[in-house]
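Read the numbers this way: they start at 1 and go in the same order the structure lists the ligands and their atoms. For the single chain, residues carry numbers from 1 onward in sequence order.
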Amino acid sequence: MSKISQRVSTISPSMTLAMSAKAAELKAAGENVINFGVGEPDFNTPAHIVQAAKDALDKGYTKYVAAAGLPALKKAVCKKFKEDNGLDYDPSQIIITNGGKHAIFNAMFATIDPGDEVIIPAPYWLTYPEVVKCCGGVPVYVYASRDAGFKVRAAQIEGAITPKTKMLVFNSPNNPTGAVYTEDEIRAIAEVCERHNVLVLSDEMYEKLIYGGEKHFSIAAVSPRMKELTITVNGVSKSYAMTGWRLGYLAAEKAIAKAISSFQSHSTSNVNTMTQYAAIAALDGPTEPMAQMVEAFGARRNRMIELLDGMKSLGLDYVKPDGAFYVMLLCDKFYGKRHEGRRIAGSMDMAELLLTHAKVALTPGICFGDDDCVRLSYALSMEDMEEGLRRISDFVKNIK
Ligand SMILES: Cc1ncc(COP(=O)(O)O)c(C=O)c1O
């Protein structure tokens with residue numbers, strides 16, 4: 001008898017870990033590694049948010065609170081949904097979670113039965129399939145083409161629907177591609193989900209990080225029916241530079257929210273109380289510090305695009321990102337060729353060689369279901385970004 005449950009034994013360990021461990025090893029050995037692998041803003045949490053947590057501690061707010069979240073925070077989340085997304089929720093429909101990841105886990109755990117199929121557009125954030133498998137579900141991938149700006153079309157989703165389809169995972173702005181779906185594209189996808197009665201897990205973690213004039217649109221805002229079918233996941237990690245605080249939230253139809261609230265009360269209970277006070281300050285407080293962060297990301301994204309355009313002649317290509325802080329660099333033209341005698345078979349080799357020879361850390365696209373690419377994060381300084389891209393250019397010039 002195996003000690004590990006079947007459910008958990010299907011989960012793959014994070015493929016990115018080996019790469020980050022190697023990058024950390026090189027850094028510790030004194031190497032100047034440029035890190036394009038970062039998945040979090042390189043900005044500090046704004047001072048007024050930190051102060052709110054300190055105040056909460058000073059006031060003795062260190063006890064248990066309601067498992068699904070502080071009423072004051074739920075109220076702030078309802079206000080956010082109303083003002084930013086045009087969505088009216090009752091506080092009973094909101095669950096405060098330990099980060100966006102926990103909200104995704106909760107949403108799937110509450111809805112997926114063994115054998116249920118979950119459609120995941122690829123490239124995808126690598127956690128989705130693992131959570132689906134953990135719940136006994138079956139991930140079904142639909143591939144977004146680079147020509148379509150790494151966005152899946154409604155018809156592709158419809159083509160993947162079977163009688164077993166329970167859910168679509170939808171993520172805009174997207175990690176890893178930076179794609180931002182337009183309202184029309186979202187409405188077309190929603191129409192398919194409504195017609196086939198498919199739940200949507202809408203991961204909107206990067207909502208605030210959009211550049212170049214695109215606008216965020218929540219799929220739940222399409223219609224009252226779509227609102228019923230959608231579980232919207234969001235959080236403060238990326239939008240407010242609060243990754244280490246661990247605070248996410250979700251909004252769902254009442255029965256789903258009630259189910260999640262029940263099992264959260266038997267698993268994690270409430271998110272730590274002072275973090276919830278900090279989150280209220282984040283959602284209700286001044287927006288200037290975050291506007292500055294978004295402006296800085298926007299400037300880096302523009303510079304990144306400018307430099308990547310200059311690298312096209314070397315055989316590298318990319319799809320312009322409109323949101324989050326990632327860009328997928330297409331490097332399949334180099335597959336089958338050699339760097340200092342070593343054959344490059346795919347994105348894992350590309351990432352490994354770049355780290356060893358160019359001292360550049362990035363994430364192989366295979367982690368996100370697209371082996372043709374590597375993912376670059378621009379959550380690093382402009383100087384490092386410029387130096388890192390110079391190193392990548394020099395590296396590819398030596399591929400024969
Ligand atoms: C698309 C996406 N969703 C959710 C998360 C999870 O966010 P959190 O750190 O709040 O758990 C991440 C984090 O990288 C992400 O990229």
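- Identified under the side chain to side chain donor-acceptor pair (under 3.5 Å) test for residues 236-249, with sequence neighbours left out: E40-T243, T45-W245, Y206-K238.
- Between E183 and R187, at least one side-chain N (NZ, or NE/NH1/NH2) sits under 4.0 Å from a carboxylate O, which counts as a salt bridge.
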For a distance cut-off of 3.5 Å, show me each N or O of ligand 1 paired with any protein N or O, plus the separation.
residue  : atom   : partner : partner atom : Å
ligand 1 : 3 (N)  : D203    : OD1          : 3.4
ligand 1 : 3 (N)  : D203    : OD2          : 2.6
ligand 1 : 9 (O)  : S237    : OG           : 3.4
ligand 1 : 9 (O)  : R246    : NH1          : 2.9
ligand 1 : 10 (O) : G100    : N            : 2.7
ligand 1 : 10 (O) : S237    : OG           : 2.6
ligand 1 : 11 (O) : G100    : N            : 3.1
ligand 1 : 11 (O) : K101    : N            : 2.9
ligand 1 : 11 (O) : R246    : NH2          : 2.7
ligand 1 : 14 (O) : K238    : NZ           : 2.7
ligand 1 : 16 (O) : N175    : ND2          : 2.8
ligand 1 : 16 (O) : Y206    : OH           : 2.8

Exercise for review: Show the numbers, then the answer: is there a ring-ring contact (aromatic ring centres under 6.0 Å, His included) between F43 and F297?
Suggested key: CA-CA 10 Å; F43 295 88; F297 273 135; 5.5 Å; yes

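- In this structure, D322 does not pair ionically with K151, as no charged nitrogen and carboxylate oxygen lie closer than 4.0 Å.
- Applying the ring-ring contact (aromatic ring centres under 6.0 Å, His included) test to Y277 and every residue at least two apart in sequence or in another chain returns Y61.
- Evaluation of the ring pair (Phe, Tyr, Trp, His ring centres under 6.0 Å) test over residues 380-400, restricted to residues two or more places apart or in two chains, returns H339-F395.
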